Amino acid sequence: LDEYEKTLVTTLTLNDVDLTGNGYSSAYGVFYIGSSSVLNVNGGQWNLSNDTHGSGGVFKADAAEATLNIDGLELNAHNVRRVVTYAATTINNSTLTITGDADGVDAEMEHGFNRSPLTITNSTITMKDMVGRGITAEKGAVTINNSTVTIENVQEATIEVRGGQTVTV
């Protein structure tokens, strides 16, 4: 990183924050994580639905060098376009329910975890009725430990592996 970029690296920790949004517009994501920055989400209940922007999402980063740590979160996401894009993501002790309408109308639920290194431990994740992919392993490996991950009724792929990445269950 050059000197300017180093000043942009930060860590944000959210402890037991509840978040509700319906019909909002997130061009980049509800949370945008800069390169080499860290977002820690510890606890809380989040209910997000009907993102009206065509390329939004919940967590978006500009590169896999950004880090997202989720622990103890209950997330209900419906038609939010994408849940995580690019950030290296660790999910522990969490319940994530990600749904769409899968009817090709409006914003839809496109991808669950898109191009992100991903580790899921002691968690339950349900993804269904999506027009894209559940998980795309492109910028790093996907590891699922002692968890239940259910992916149903997705139009592209449940788990897509690209560029020699691995999926370990």
Side-chain angles (χ1 to χ4, degrees), residues 12-33 38-62 64 66-140 142-144 147-160:
L12 174 63
T13 300
L14 304 174
N15 291 317
D16 297 316
V17 172
D18 294 337
L19 181 64
T20 301
N22 184 12
Y24 59 91
S25 178
S26 66
Y28 291 101
V30 176
F31 290 93
Y32 184 83
I33 309 165
V38 177
L39 175 59
N40 299 306
V41 179
N42 301 316
Q45 181 170 353
W46 293 13
N47 296 294
L48 299 170
S49 57
N50 303 312
D51 184 345
T52 61
H53 198 280
S55 65
V58 180
F59 303 103
K60 198 174 228 181
D62 55 4
T67 301
L68 171 61
N69 298 310
I70 296 173
D71 191 2
L73 177 66
E74 182 178 332
L75 169 67
N76 296 298
H78 179 74
N79 284 346
V80 297
R81 209 55 167 161
R82 298 164 188 89
V83 175
V84 177
T85 302
Y86 290 122
T89 303
T90 301
I91 301 170
N92 292 305
N93 306 309
S94 297
T95 301
L96 281 61
T97 304
I98 302 160
T99 60
D101 294 331
D103 60 7
V105 179
D106 299 324
E108 295 298 345
M109 185 66 231
E110 188 173 12
H111 306 301
F113 301 91
N114 193 25
R115 303 179 182 146
S116 307
L118 177 63
T119 301
I120 302 168
T121 305
N122 297 324
S123 297
T124 300
I125 298 178
T126 303
M127 293 176 267
K128 64 180 184 175
D129 301 328
M130 297 167 31
V131 298
R133 299 174 296 279
I135 298 171
T136 306
E138 180 179 325
K139 301 293 183 184
V142 172
T143 304
I144 301 171
S147 297
T148 301
V149 176
T150 304
I151 305 171
E152 300 175 337
N153 193 28
V154 294
Q155 295 180 11
E156 285 186 36
T158 53
I159 299 176
E160 183 174 321

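Keep in mind that this is a model prediction, so the values were computed, not measured.
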Asker: What's the spacing between K139 NZ and T85 OG1 if we round to 0.5 Å?
Answerer: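 Answer rounded to 0.5 Å: 12.0 Å.
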Asker: Under the side chain to side chain contact (heavy atoms under 4.5 Å, CB included) criterion, do T158 and M127 qualify, and how do the steps go?
Answerer: CA-CA 9 Å; T158 53; M127 293 176 267; over 6 Å; no
Asker: L19 versus V30: any side-chain heavy-atom pair under 4.5 Å?
Answerer: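 Of all side-chain heavy-atom pairs linking V30 with L19, at least one is under 4.5 Å.
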Asker: Considering only heavy atoms from C-beta outward, does the side chain of L14 approach that of L39 to under 4.5 Å?
Answerer: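 When only atoms from C-beta onward are counted, L39 and L14 do touch, with a gap below 4.5 Å.
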Asker: Just by modelled atom types, is the N93 backbone N or O under 3.5 Å from a matching donor or acceptor in the S123 side chain?
Answerer: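 Yes, S123 side chain to N93 backbone: donor-acceptor pair under 3.5 Å.
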Asker: Side chains of Q45 and N76: does their closest heavy-atom pair fall under 4.5 Å?
Answerer: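 With C-beta onward as the side chain, the pair touches.
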Asker: Judged by atom type as modelled, is there a donor-acceptor pair below 3.5 Å linking the side chain of T67 to the main-chain atoms of V38?
Answerer: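 Looks like no, no N/O pair under 3.5 Å.
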Asker: Does the side chain of I98 reach to within under 4.5 Å of the side chain of M130, using non-hydrogen atoms?
Answerer: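 I98 vs M130: side chains touch.
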Asker: With heavy-atom distances below 4.5 Å as the criterion, would you say the side chains of N114 and R133 are in contact?
Answerer: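 Yes, side chains in contact.
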Asker: Going through the checks in order, is the side chain to side chain contact (heavy atoms under 4.5 Å, CB included) test met by I91 and L118?
Answerer: CA-CA 8 Å; I91 301 170; L118 177 63; 4.0 Å; yes
Asker: How many angstroms lie between atom OG of S49 and atom CG of N22, to the nearest 0.5 angstrom?
Answerer: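 These two atoms lie 3.5 Å from each other.
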Asker: Supply the atom-to-atom distance N122 CG to T148 OG1, rounded to the nearest 0.5 angstrom.
Answerer: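 Between N122 CG and T148 OG1, I get 10.0 Å after rounding to 0.5 Å.
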Asker: As a quick check of understanding, evaluate side chain to side chain contact (heavy atoms under 4.5 Å, CB included) for V83 and L75, giving each step before the final call.
Answerer: CA-CA 10 Å; V83 175; L75 169 67; 4.1 Å; yes
Asker: Are F113 and I125 close enough that some pair of their side-chain heavy atoms sits under 4.5 Å apart?
Answerer: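 Yes - at least one pair of side-chain heavy atoms lies under 4.5 Å apart.
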Asker: Got a second to check how far I120's CD1 is from I144's CD1, nearest 0.5 Å?
Answerer: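 Here the interatomic distance stands at 4.5 Å.
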Asker: Output yes when a side-chain donor or acceptor of W46 lies under 3.5 Å from a complementary backbone atom of G21, and no otherwise.
Answerer: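 Such a contact is absent between W46 side chain and G21 backbone.
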Asker: State whether the side chain of D71 and the backbone N or O of N42 hold a donor-acceptor pair below 3.5 Å, judged by distance alone.
Answerer: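 Side chain of D71 to backbone of N42, a donor-acceptor pair under 3.5 Å: no, none is there.
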Asker: With heavy-atom distances below 4.5 Å as the criterion, would you say the side chains of V41 and F59 are in contact?
Answerer: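 Of all side-chain heavy-atom pairs linking F59 with V41, at least one is under 4.5 Å.
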Asker: Closest heavy-atom contact between S116 and A87?
Answerer: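 Taking every non-hydrogen atom into account, CB-O, 3.2 Å.
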Asker: Only counting residues at least two apart or in another chain, list the ones meeting side-chain hydrogen bond (donor to acceptor under 3.5 Å, both in side chains) with T99.
Answerer: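 Here the qualifying residues are H78.
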Asker: Keeping T52 on the side-chain end and Y24 on the backbone end, is there a donor-acceptor pair under 3.5 Å?
Answerer: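 Such a contact is found between T52 side chain and Y24 backbone.
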Asker: Taking all atoms of both residues into account, what is the closest heavy-atom pair of P117 and Y86, and its distance?
Answerer: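 The answer is CD-O, 3.9 Å.
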Asker: Hey, does L68 have a side-chain heavy atom less than 4.5 Å from the side chain of V84?
Answerer: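 They are in side-chain contact.
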Asker: Judged by atom type as modelled, is there a donor-acceptor pair below 3.5 Å linking the side chain of N79 to the main-chain atoms of D101?
Answerer: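 Yes: the side chain of N79 pairs with the backbone of D101.
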Asker: Just by modelled atom types, is the T124 backbone N or O under 3.5 Å from a matching donor or acceptor in the S147 side chain?
Answerer: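 Judged by distance alone, no pair lies under 3.5 Å.
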Asker: List for me each residue that meets side-chain hydrogen bond (donor to acceptor under 3.5 Å, both in side chains) alongside E138, sequence neighbours excluded, and say none if there are none.
Answerer: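 Listed in chain order: R115, R162.
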Asker: Please name the pair of heavy atoms, one in D51 and one in S25, separated by the smallest distance, quoted to 0.1 Å.
Answerer: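 The answer is OD1-CA, 3.6 Å.
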Asker: Which residues pass the side-chain hydrogen bond (donor to acceptor under 3.5 Å, both in side chains) test with T97, sequence neighbours left out?
Answerer: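 None.
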